[in-house]
A.B. asks: 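Pasting in a structure now, in structure tokens, and then I'll have a few things to ask.
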Amino acid sequence: MKLYQKYPIQLSNSLSGVKEPFEPITPGFVGMYVCGPTVYNNVHLGNTRTFLTFDIISRYFRFLGYKVRYVRNITDVGHLVGDVDEGEDKIGKKARLEQLEPMEIVKRYTEDFHTVMRQFNILPPSIEPSATGHIVEQINITKKLIDLGLAYEVNGSVYFDVKKYNQSHHYGILSGRNIEELMESGRELDSQDEKREKIDFALWKKASPEHIMRWPSPWGDGFPGWHIECTVMSTKYLGETFDLHGGGMDLKFPHHECEIAQATGANGKTPVKYWIHSNMLTVNGQKMSKSLGNSFLPAELFTGNHPMLQKGYSPMTVRFFMLQSHYSSTLDFSNEALNAAEKGYKKLSNALSLVKTLTHAGGASANADTEKKLLQLIDECYQNMSDDFNTAKTLAVLFEMASQINTWAGQKEMLSEVSTDVFEKFKITYIAFMEEALGLKEEKSVNNDLLEGTINVLIGLRKRVRTDRNFALSDKIRDDLKAIGIQLKDGKDGEMSYEIES
RNA sequence: GGUCUCGUGGCCGAGUGGCUAGGCUGAGCUCUGCAAAAGCUCCUACAGCGGUUCGAAUCCGCUCGAGACCUCCA
């Protein structure tokens, strides 16, 4: 029996609006697509939360034994700036401002994105396709939509005919809108606009003469519209219908709605079985976003180099902080919350180091109640994660497990209350959920052999003067080290450990 | 204006009809030569009003408040 059969996943499907059992299209396999970053700027912390959410989801699918293909794109053709009529893409604009080649911009921010992902221990996707690498496919699907009568060309640009599509399908099925309301509200169609209806959206845009990013097409030189790349790349690598599509809440409308319309229109079938949207990171209750100017760069957070931050916080602290809430809730960002997260994470991390050193001596006289309790904790880890990837509930269980680990570390004789088998299961589960499922690794405070060796010399010295009951000297060693940020901790058995304070 | 979400103890944040979430902070105790760490105990909330129910933080209605989307954003 596979783990995914023992602990079947339930997930909230944005499309249906309810929590449903997850049943992949092909048993044992999961195909998932997530809208990746637009690489014309540094990723900020809010972006990171979305990618962390889907890192957890893909990790947990694999953890339960599914074979996962995770596709996350790089948008390197900029989305249109402001008014569509300006016909200029963001990457082109930025390039001109900074006097750089578009691909130079793309390269720089893609590198930055990957660096940040690694810092947060967010695993790379299986495939990371780029929009510019799929221009031909985007042109082909646009042609197909024209042939099907669902798109029309005007002056070298091609638009999707939403009204036409809506005659046979429901445009708005994901975001719960109806086309009449959409046509009444919002921006008015201005005289310059080539679109038949304001709700129509571009599949292909004509490039103005000064436009840098341009490709030849049946309609002249231009570049692909905003939504088409995701449809093309998800279909190409995952098929015309695939299991799961994710992204930030703010992409639900119009981006994902348009994806559904394009794909359904072109292929005649529903493209995605489950949609998952992760909620926003907020600052003082307001969405963190580039345009509002309240965003943090990960690097600023790590160093504490930002007016709103009292100090720096490590990547794992931030990862833990985000996992304390459910991905579907907004999460408010504050110094206080981060300080609390730092301590909480340290507790779990210490227990992780500790449990690795614990071994069972064998020959136990097991206490049935204790064993039952431990086995229940193990079970709860799986139950909680399988319940819509509830990392917050899972962490609560891990805290209980950490207390147990600390108790054992302090009183080794208590290990005899459990059998070797149960102990090993418990140990393996704690390590696996921390490191594999949640991706919370130990942060080595020392990565310098010379320093480590030096501290160990001092520890050896202190052990000796302590045996001699020379407490004045032993306290001096401890106090002096403390003054430079090294905290010595005396164990029960005369052993000493240390911790570098940040 | 339209569509939708949320409002939990000092702070953060799970939880959807009955059973103490958890973390951080604070107080006390135990262990320790003294610390630190750790363990134990305590501080018991659900915006307001009304309704459904044997019973509601959880369902329904209204009020107040906050936010998101409708325009580029994860």
Side-chain angles (χ1 to χ4, degrees), chain A residues 17 34-38 40-41 43-54 78-84 89-90 172 175-178 181-182 184-187 199 226 246-255 277-282 284-292 295 320-321 324-326 328-348 350-351 354 380 384 387 390-400 402-411 466 469 471 474-475 478-479 482 487-492 496-499 501:
Chain A
V34 171
C35 292
T38 304
Y40 67 92
N41 228 319
V43 282
H44 69 251
L45 208 62
N47 305 318
T48 307
R49 186 183 186 207
T50 297
F51 302 126
L52 173 61
T53 295
F54 294 101
H79 296 166
L80 296 168
V81 169
D83 192 342
V84 180
D89 80 44
K90 279 186 175 171
S175 53
R177 285 154 217 253
N178 66 61
E181 278 173 8
L182 287 167
E184 282 166 18
S185 66
R187 212 173 95 256
I199 47 173
W226 176 25
M249 200 79 110
D250 46 2
L251 294 184
K252 200 168 176 181
F253 188 90
H255 183 57
H277 290 95
S278 64
N279 217 135
M280 300 292 107
L281 188 63
T282 59
N284 297 323
Q286 222 181 16
K287 175 182 170 181
M288 181 182 283
S289 80
K290 271 173 289 209
S291 40
L292 289 171
S295 63
F320 170 83
F321 164 70
Q324 270 186 303
S325 76
H326 192 250
S328 63
S329 307
T330 54
L331 173 63
D332 200 60
F333 178 94
S334 70
N335 278 291
E336 260 187 311
L338 280 167
N339 281 331
E342 185 172 57
K343 291 189 178 164
Y345 169 67
K346 197 180 249 184
K347 200 166 177 177
L348 290 182
N350 285 343
L354 215 49
E380 281 173 14
N384 290 335
D387 182 10
N390 197 323
T391 52
K393 270 173 100 173
T394 306
L395 284 171
V397 179
L398 290 177
F399 272 107
E400 287 188 50
S403 289
Q404 180 62 249
I405 291 164
N406 284 327
T407 301
W408 280 334
Q411 298 164 266
R466 243 163 66 96
R469 301 190 69 79
F471 294 122
S474 80
D475 284 355
R478 188 176 62 199
D479 293 346
K482 170 84 179 164
Q487 173 72 57
L488 291 188
K489 293 185 253 187
D490 298 337
K492 269 217 162 128
M496 271 170 225
S497 58
Y498 66 91
E499 192 176 302
E501 293 165 341

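Heavy-atom basis, side chains included; hydrogens, waters and symmetry copies ignored. Here is the naming used below: chain letters follow the sequence lines, and residue numbers restart at 1 for every chain.
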A.B. asks: Figure out the CD1/C1' separation between A:I199 and B:rC69, and round it to whole Å.
C.D. replies: 16 Å
A.B. asks: Where the side chain of A:Q487 is concerned, which of B:rC73, B:rG33, B:rA35 is the nearest nucleotide?
C.D. replies: B:rA35
A.B. asks: Between atom NZ in A:K343 and atom C1' in B:rC24, what is the gap in whole Å?
C.D. replies: 7 Å
A.B. asks: Using salt bridge (charged side-chain N to carboxylate O under 4.0 Å, His left out) as the criterion, list what pairs up with A:D387, not counting sequence neighbours.
C.D. replies: A:K19
A.B. asks: Taking only residues two or more places apart in sequence, or in another chain, which ones meet A:R177 in a salt bridge (charged side-chain N to carboxylate O under 4.0 Å, His left out)?
C.D. replies: none
A.B. asks: Just to verify, what does A:A340 make a side-chain contact (heavy atoms from CB on, under 4.5 Å) with, not counting sequence neighbours?
C.D. replies: none
A.B. asks: Measuring only the C1' atom in each nucleotide, how far is B:rU3 from B:rC42? A whole number of Å is fine.
C.D. replies: 47 Å
A.B. asks: Output the distance between atom CD (A:E499) and atom CD (A:Q487), rounded to the nearest 0.5 Å.
C.D. replies: 7.5 Å
A.B. asks: Who passes salt bridge (charged side-chain N to carboxylate O under 4.0 Å, His left out) against A:K347, sequence neighbours left out?
C.D. replies: none
A.B. asks: Starting at the 5' end of RNA chain B, which residue's closest nucleotide do you reach first, A:F253 or A:G248?
C.D. replies: A:F253
A.B. asks: In whole angstroms, how far is the C1' atom of B:rG67 from the CE atom of A:M288?
C.D. replies: 15 Å
A.B. asks: Could you write out each protein N or O paired with an N or O of nucleotides 37-42 of chain B at a distance under 3.5 Å?
C.D. replies:
unit_1	atom_1	unit_2	atom_2	d
B:rA38	O3'	A:N406	ND2	3.1
B:rG39	OP1	A:S403	OG	3.1
B:rG39	OP1	A:N406	ND2	3.3

A.B. asks: Using atom P in both nucleotides, what's the gap between B:rG26 and B:rA36 to the nearest angstrom?
C.D. replies: 12 Å
A.B. asks: Just the rounded figure in Å: distance from P of B:rU20 to CD of A:E400.
C.D. replies: 13 Å
A.B. asks: Rounded to the Å, how far apart are A:H277 NE2 and B:rU3 P?
C.D. replies: 20 Å
A.B. asks: Please list, chain by chain and in numerical order, all residues satisfying side-chain contact (heavy atoms from CB on, under 4.5 Å) with A:D250, sequence neighbours excluded.
C.D. replies: A:M280, A:K287
A.B. asks: Roughly, in whole Å, what's the span from CG in A:D250 to C1' in B:rG67?
C.D. replies: 13 Å
A.B. asks: The criterion is ring pair (Phe, Tyr, Trp, His ring centres under 6.0 Å); which residues satisfy it with A:F333, sequence neighbours excluded?
C.D. replies: A:F296
A.B. asks: Atom CG of A:L398 to atom P of B:rA21: distance rounded to whole Å?
C.D. replies: 19 Å
A.B. asks: Could you write out RNA chain B as a dot-bracket string, with dots for unpaired bases, | for bases paired across to another strand, and Watson-Crick or G-U pairs counted at under 3.5 Å?
C.D. replies: (((((((..(((.....[...))).(((((.......)))))....(((((..]....))))))))))))....
A.B. asks: Could you state the atom-to-atom distance from CE of A:M280 to C1' of B:rA68 in whole Å?
C.D. replies: 8 Å
A.B. asks: P atom, B:rG18 versus B:rU71: distance in rounded Å?
C.D. replies: 42 Å
A.B. asks: Using a 4.0 Å heavy-atom cut-off, does A:L251 contact any base of the nucleic acid, only the sugar-phosphate backbone, or nothing at all?
C.D. replies: sugar-phosphate
A.B. asks: Between A:S328 and A:N279, do the side chains contain a donor N or O and an acceptor N or O under 3.5 Å apart?
C.D. replies: no
A.B. asks: Is there a donor-acceptor contact under 3.5 Å from the side chain of A:D332 to the main chain of A:N284?
C.D. replies: yes
A.B. asks: Which whole number of Å gives the distance between the P atom of B:rA57 and that of B:rC49?
C.D. replies: 12 Å
A.B. asks: Between A:K290 and B:rA74, does any side-chain N or O lie under 4.0 Å from OP1 or OP2?
C.D. replies: yes
A.B. asks: With sugar-phosphate meaning primed atoms plus P, OP1 and OP2, does A:G410 contact a base, only sugar-phosphate, or nothing at under 4.0 Å between heavy atoms?
C.D. replies: nothing
A.B. asks: Determine whether a donor-acceptor pair (one donor, one acceptor, N or O, separation below 3.5 Å) exists between the side chain of A:R478 and the base of B:rC34.
C.D. replies: yes
A.B. asks: A:Q324: which residues meet the side-chain contact (heavy atoms from CB on, under 4.5 Å) condition with it, sequence neighbours left out?
C.D. replies: A:F320, A:A341, A:L395
A.B. asks: With a 4.0 Å cut-off, would you call A:K482 and A:D479 a salt bridge?
C.D. replies: no
A.B. asks: B:rU5 and B:rA45: how far apart are their P atoms, nearest whole angstrom?
C.D. replies: 28 Å
A.B. asks: Quantified in whole Å, what is the C1' atom distance between nucleotide B:rA14 and nucleotide B:rG7?
C.D. replies: 15 Å
A.B. asks: Going by ring pair (Phe, Tyr, Trp, His ring centres under 6.0 Å), name the residues that satisfy it together with A:F51, two or more places apart in sequence or in a different chain.
C.D. replies: A:F113
A.B. asks: Could you pull out all residues at least two apart from A:K290 that satisfy salt bridge (charged side-chain N to carboxylate O under 4.0 Å, His left out)?
C.D. replies: none
A.B. asks: How does protein reach along nucleotides 5-15 of chain B, written 5' to 3' as B (base within reach of a heavy atom under 4.0 Å), S (only sugar-phosphate), or - (no contact)?
C.D. replies: ------SSSSS
A.B. asks: Identify whether any heavy atom of A:L488 sits under 4.0 Å from a base atom; if not, whether one sits that close to sugar-phosphate; answer base, sugar-phosphate or nothing.
C.D. replies: base
A.B. asks: Please report the distance separating the P of B:rG15 from the corresponding atom of B:rA47, rounded so that it comes out in whole Å.
C.D. replies: 15 Å
A.B. asks: Hey, is A:F471 doing a stacking thing with B:rG33, by the 5.5 Å centroid and 30° angle criteria?
C.D. replies: yes
A.B. asks: Could you work out the separation of B:rG9 and B:rU58 based on their P atoms and round it to a whole Å?
C.D. replies: 15 Å
